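Computed over heavy atoms, backbone and side chain alike; hydrogens, waters and symmetry mates excluded. For ligands, and for the atoms within them, numbers begin at 1 and follow the listed sequence. This is a predicted model, so every value here is computed, not measured.
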Amino acid sequence: MHLIAPSILSSDFANLQSACEMLNKSCADWFHIDVMDGVFVPNITFGMPVIKSIRKHSTKPFDVHLMIVEPDKFIKDFKDAGADILTVHYEACTHLHRTIQKIKTEGMKAGVSLNPHTPFHVLEDIICDIDLVLIMSVNPGFGGQSFIENTYNKIKKTKALIIEKKSKAIIEIDGGVTDANARKLIDSGADVLVAGNYVFGSQNPIETIQKLKSI
Ligand code: DX5
Ligand code: ZN
């Protein structure tokens with residue numbers, strides 16, 4: 001069964017507690033939390049204090065997606081703030097293997113994210129060391145962008161690599177996910193779907209999450 005990870009990036013930041021309570025009640029599996037630094041991506045969101053504050057109101061795993069340069073500097077801080085899964089960008093890590101080891105040493109699951117232009121095969125020598133591959137299906141930085149169609153091919157190729165290497169990594173898709181592409185994403189090999197605007201922009205987010213879950 002696939003997992004749903006609503007992205008709080010599209011929630012009302014003045015009412016984060018109610019967003020958390022809604023997600024607790026819903027059939028969402030994880031909270032997807034987008035951290036942006038204004039350097040790796042052209043936008044700034046929030047950091048550790050906000051994550052720590054919402055942790056108190058949340059009952060589900062925190063899937064933290066770091067869109068920042070030099071993530072190594074903050075791995076322990078994100079653990080202390082409440083991250084369960086910590087995903088870094090391939091493009092932001094010169095010593096990716098070391099970064100992954102540090103995340104795991106802190107007791108978190110380790111993920112690697114690929115920008116739309118980054119080919120799947122760069123993961124060949126790291127795929128057995130990671131728990132999750134986050135395939136960006138938009139250019140990172142903003143919610144509400146449109147889905148990039150090449151993602152389906154990329155999922156299939158990543159899945160084939162995972163099988164070939166006997167890796168336990170799961171595949172998460174992030175950007176432009178709706179009920180129109182969810183089925184095809186799962187059929188292509190996706191295990192986790194992130195959805196921001198589609199959930200928080202809807203009339204009834206709980207029903208929207210249910211719809212994505214039962215697709
Ligand atoms: C984009 C973020 C996404 C974003 C997805 O850089 O990584 O998690 O919140 O939002 P939607 O689902 O609106 O494309
Ligand atoms: Zn994200």
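Annotation: angle subtended at the Zn ion (ligand 2) by D34 OD1 and H32 NE2 is 90°, to 10°.
Distances from the Zn ion (ligand 2) to each N, O or S atom of D174 single out OD2 as the nearest. Looking only at its N/O/S atoms, H65 has ND1 as the one nearest to the Zn ion (ligand 2).
The main-chain N or O of K154 is never found under 3.5 Å from a side-chain atom of K159 such that the two would form a donor-acceptor pair. Side chain of S137 to backbone of G175: a donor-acceptor contact under 3.5 angstrom is found.
Checked by atom type, the side-chain pair S10/N197 shows no donor-acceptor distance below 3.5 Å. Side-chain polar atoms of Y90 and N115 form no donor-acceptor pair below 3.5 angstrom. Under the 3.5 Å distance criterion, with hydrogens and angles disregarded, a donor-acceptor pair is assigned to the side chains of T208 and S202.
Looking at T178, N139, D63, D174 and measuring to atom 3 (C) of ligand 1, the nearest heavy atom belongs to D174.
L114 contributes atom CG, which lies 11.0 Å from atom OG1 of T151 (distance to the nearest 0.5 angstrom). One finds the CD atom of E172 at 6.0 Å from the NE2 atom of H32 (value rounded to the nearest 0.5 Å).
When heavy-atom distances to ligand 1 are checked against a 4.0 Å cut-off, L9 comes that close only through its side chain, counted from C-beta outward. Using a 4.0 Å cut-off between heavy atoms, Y198 makes no contact with ligand 1 at all.
The A195 neighbourhood of ligand 1 comprises atoms 12 (O), with distances under 4.0 Å to a heavy atom of that residue. Listed by number with element, the atoms of ligand 1 under 4.0 Å from a non-hydrogen atom of M36 are 6 (O). Taking every heavy atom of H32 and a limit of under 4.0 angstrom, the matching atoms of ligand 1 come to 8 (O). Less than 4.0 angstrom separates some heavy atom of G175 from each of these atoms of ligand 1: 14 (O). Against a heavy-atom cut-off of under 4.0 Å, M67 is close to the following atoms of ligand 1: 6 (O), 7 (O). Below 4.0 Å from some heavy atom of N197 lie the following atoms of ligand 1, by number and element: 11 (P), 12 (O), 13 (O). Listed by number with element, the atoms of ligand 1 under 4.0 Å from a non-hydrogen atom of G143 are 10 (O), 13 (O). Residue-ligand proximity, H65 to ligand 1, at heavy-atom distances under 4.0 Å covers atoms 7 (O).
At a 3.5 angstrom cut-off on N or O pairs, V194 does not count as close to ligand 1. Between M136 and ligand 1, not a single N/O pair is under 3.5 Å apart. In terms of polar-atom proximity, G176 is counted as a contact of ligand 1, with an N or O under 3.5 Å from an N or O of the ligand.
The shortest separation from a heavy atom of F142 to ligand 1 is under 4.0 Å, placing the residue in contact.
Salt bridge annotation for D131-K104: absent, with no cationic side-chain nitrogen under 4.0 angstrom from a carboxylate oxygen.
The nearest heavy-atom contact from the protein to atom 9 (O) of ligand 1 is S7 OG, 2.8 Å.
Side-chain atoms of L193 and I215, non-hydrogen and from C-beta on, never get closer than 4.5 Å to each other.
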